[in-house]
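Numbers restart at 1 for each chain; the letters A, B, ... are given by sequence-line order, proteins then strands. Worth saying up front: this structure is predicted, and the values here are computed from it rather than measured.
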Amino acid sequence: MPDQTAPDLGRRGNPPQTAKQPGAPGESPDSTGITLSIDGRTVTVPKGTLLVEAAKLLSIEVPVFCYHHKLNPVGACRLCLVEISPGPPKPQTACTTPVAEGMVVRTNTAGAVAARADILEYELLNHPLDCPVCDKGGECPLQDYTFRHGYPTSRIDAPRLHFEKPIPLSDKIALDRERCVLCYRCTRYYDEIAWEQELTTDQRGVQSYITNQFDRPLQSIFSGNIIDLCPVGALTSRVWRFESRPWDMDHTASVCSKCAVGSTTPRSTRRSACAHRGWVASTRPGTMPWKGCCTTCAARSWASRCARTSPTKRRSC
Amino acid sequence: MAELRGSHGKARHHLLTQHFGAAGLATLKGYQKLGGYDTLEKALAMEPKALVDEVKASGLRGRGGAGFATGVKWGFMPPPDGGPRYVVVNADESEPGTSKDRYIIENSPHMVLEGILIAAFAVQSHQAWIYIRGEYDRPYRMLMDAIGELREAKILGPKPFGKDYPLDIQMYRGHGAYICGEETALLESLEGKRAQPRSRPPYPAVKGAWARPTLLNNIETLATVPWIIKHGAAEYTKFGTEKNRGTRLLSVSGNVRKPGVYEIEIGVPFTHVIMELAGGPFEGRQIKAFWPGGSSAKVLPASRMDVTTDAEALAAADSMAGSGGCMVADNSACMVETTYRLLKFYAYESCGKCTPCRVGGNWAVRTVAKILAGEGSRLDLQILDKIQAGLQDGRCLCGLGDSAGWVVQSAMNHFPEEFEEHAVRHTCSVKRERAAASA
Ligand SMILES: Cc1cc2nc3c(=O)[nH]c(=O)nc-3n(C[C@H](O)[C@H](O)[C@H](O)COP(=O)(O)O)c2cc1C
Ligand code: SF4
Ligand code: FES
């Protein structure tokens, strides 16, 4: 899912669209624009745009887990495989490949479709499938992608691997390692945006898991953001867990009154009552104000940090 | 420590192993007595570009696994911009069945260092790093001693051979993971991070160690360079096949009489390697299968021993030259069991970064374990086949995942009846034969 803090929640069956991406149709085409075709439709985008972003402009859904437009691409989850010509006769990750003039991209060839379905099958192999009690259920990219891109039937009969769960990462955040798809969004958020050293990966192979650095609870005032960033229900708010289902909630754009910044923040209500603890709390558990700083306050310092990085990032801040 | 068995420079084609076994070869004095470091002195007087061209002309290809043309790789280094640039040497040699780098280092550490310094000058780098496998204790100490000798002799330092071109080599010990041999994971590890491969491009030549241009080569590749510069590319191209020049070291192991590291002229058939150099199978046994390029190369049945050792012939036989680790199995080996052991290695060594290798490798292990335990069915064979397909062809971030897929694919392809027998009839004819023989 793209920007998870945006009030418009990408509903099921509704591929997320980001209208104001650079080079969107309607904007005056960049003089250095690059024209390529995706599934037979052409699009012109600025140089350096990644294929996933270009596809978004055409409302073509390329599923992603590890890719997030505010984080550096890593190509770890391999879910965004598409076929590109000219290029090697094997699928490539759309999240790490920048556009090139005259590129022909196909997301719907038999090879690409099978590649993505296989990856989803792998992701589900050890997934606990406890969706009925999972906070993410109903707004979960893993659920949605499985319906849209996965195999209709399951071949999995292997016993699932288990981890101890849930692990408290701090007094506010719980980690369910069995649900984790290891997209490394949370650790990369810490490395690239929060610039703090609190979250890391331990072990390797199928035993890999996310964990606190040196077993110390997360202290960062930005830590709540990782709950939002998590594409599955692995990181959940301990304050908010099991309180509500996404489809019970209404969201209104609002302003945080906690500090002088006045950041915009979605205000979430359930059955007309302000959800949980009475005020700016949201279904987006991470946006809950704690320690006197809401995550949109964090966004302010994102903006200043992103200003020093790429122009695409700055615009999306 | 027991001496490794192998070539000790008797034949015309023993270029690398020419002086192996000579007394004192591991010391600077001994090496220099045999003409050592003369080539470096000569190289330092040449134009860097001429060195790159010479290596290009020699047709030398990487010995680390991928077999990429070395001169071309050197040519990929962008022109100097005043900032640091590195030569990183891959001595992580963790491929099952491969032990040639250790053989080279333990016999002639200075030959390796000379090659590294020539490469550093050729790509206009002042700093080289040797990333050595953590378990390689003796090779590590030998290289450290050799580097110490070079520093003392001022060959490493601000003015090697009087030329105003500072050179230095440093060592870094790995921490015991196979993935540290993959070039980008190696760089991450060298930078002090978790050894997980990076997405490419950018390639190390553009953005390598500490985000600077980096040349990454294998020990054997660089150990070959002094010979090429000394004798000239034309001389080197007299060896090998048209597309795959020179000689290389094959580490032969498994069910053979004389396992060891043998230098061969590229292009000789595997019959020569396995039956003659390595002494063939033990009494009363027959060769059943061999992995021609380390465990990552697809297995071939004994009937394909006629295939030659050049990369093209091996690719045509649907395998690869890889890192030159030739593992041999005789008829006492059950191919399902062998597959299981290799798979376990790949699943255990998976770094966990990308989904297919992390989950698929483990799933494959569990499926083969089920088949081996006699609880499998034809469906499990189909699942296994799907898993291996899901690991290959760009699905994974690095080559480790592909290799895990190849292990299963090639074994199932060449020995289908053994898998069938285990999965459907729940028996193992090899085990039965073994029991009958020992009874
Ligand atoms: C999983 C994996 C493990 C590897 N291990 C080694 C190794 O142990 N030693 C090595 O020299 N190359 C290894 N390689 C190959 C390197 O990535 C790289 O291609 C090589 O070091 C380049 O050197 P060359 O051009 O001289 O062959 C490995 C590759 C993969 C994908
Ligand atoms: S293929 Fe395996 S070893 Fe390579 S990046 Fe993926 S998980 Fe890591
Ligand atoms: S989204 Fe491209 S690899 Fe994860």
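Checked for salt-bridge contact, B:Arg212 and B:Asp81 meet the test: a charged N lies under 4.0 Å from a carboxylate O. Ion pair B:Arg395/A:Asp118 flagged as a salt bridge, since at least one NZ, NE, NH1 or NH2 atom sits closer than 4.0 Å to an Asp/Glu carboxylate oxygen.
A centroid separation of less than 6.0 Å is found between the aromatic rings of B:Tyr178 and B:Phe345.
Options B:Cys396, B:Ala177, B:Ala347 differ in how many heavy-atom pairs under 4.5 Å they form with chain A, and the most are formed by B:Cys396. Chosen from B:Pro197, B:Ser199, B:Cys357, the residue pairing most often with chain A at heavy-atom distances under 4.5 Å is B:Ser199. The greatest number of non-hydrogen atom pairs below 4.5 Å with chain B, out of A:Thr96, A:Leu161, A:Leu79, is found for A:Leu161.
In this structure, no portion of A:Pro73 lies under 4.5 Å from any heavy atom of chain B. Both the backbone and the side chain of A:Thr201 come within less than 4.5 Å of a heavy atom of chain B. The contact between A:Asp202 and chain B is made entirely by backbone atoms, counting heavy-atom distances below 4.5 Å. In this structure, the portion of A:Leu81 lying under 4.5 Å from any heavy atom of chain B is its side chain and not its backbone.
Chain A is approached within less than 4.5 Å, heavy atom to heavy atom, by B:Ile383, B:Lys386, B:Ile387, B:Gly390, B:Leu391 from residues 380-391 of chain B, ordered by number.
Applying the ring pair (Phe, Tyr, Trp, His ring centres under 6.0 Å) rule to A:Tyr190 yields no partners; only residues at least two apart in sequence or on another chain are considered. For A:Gln203, the side chain to side chain contact (heavy atoms under 4.5 Å, CB included) test picks out A:Gln207, A:Tyr209, with sequence neighbours left out.
Environment of NZ in A:Lys165: crowded, with over 12 heavy atoms of neighbouring residues, nucleotides or ligands closer than 6.0 Å.
Residues in residues 363-395 of chain B take part in no ring pair (Phe, Tyr, Trp, His ring centres under 6.0 Å) pair, two or more places apart or across chains.
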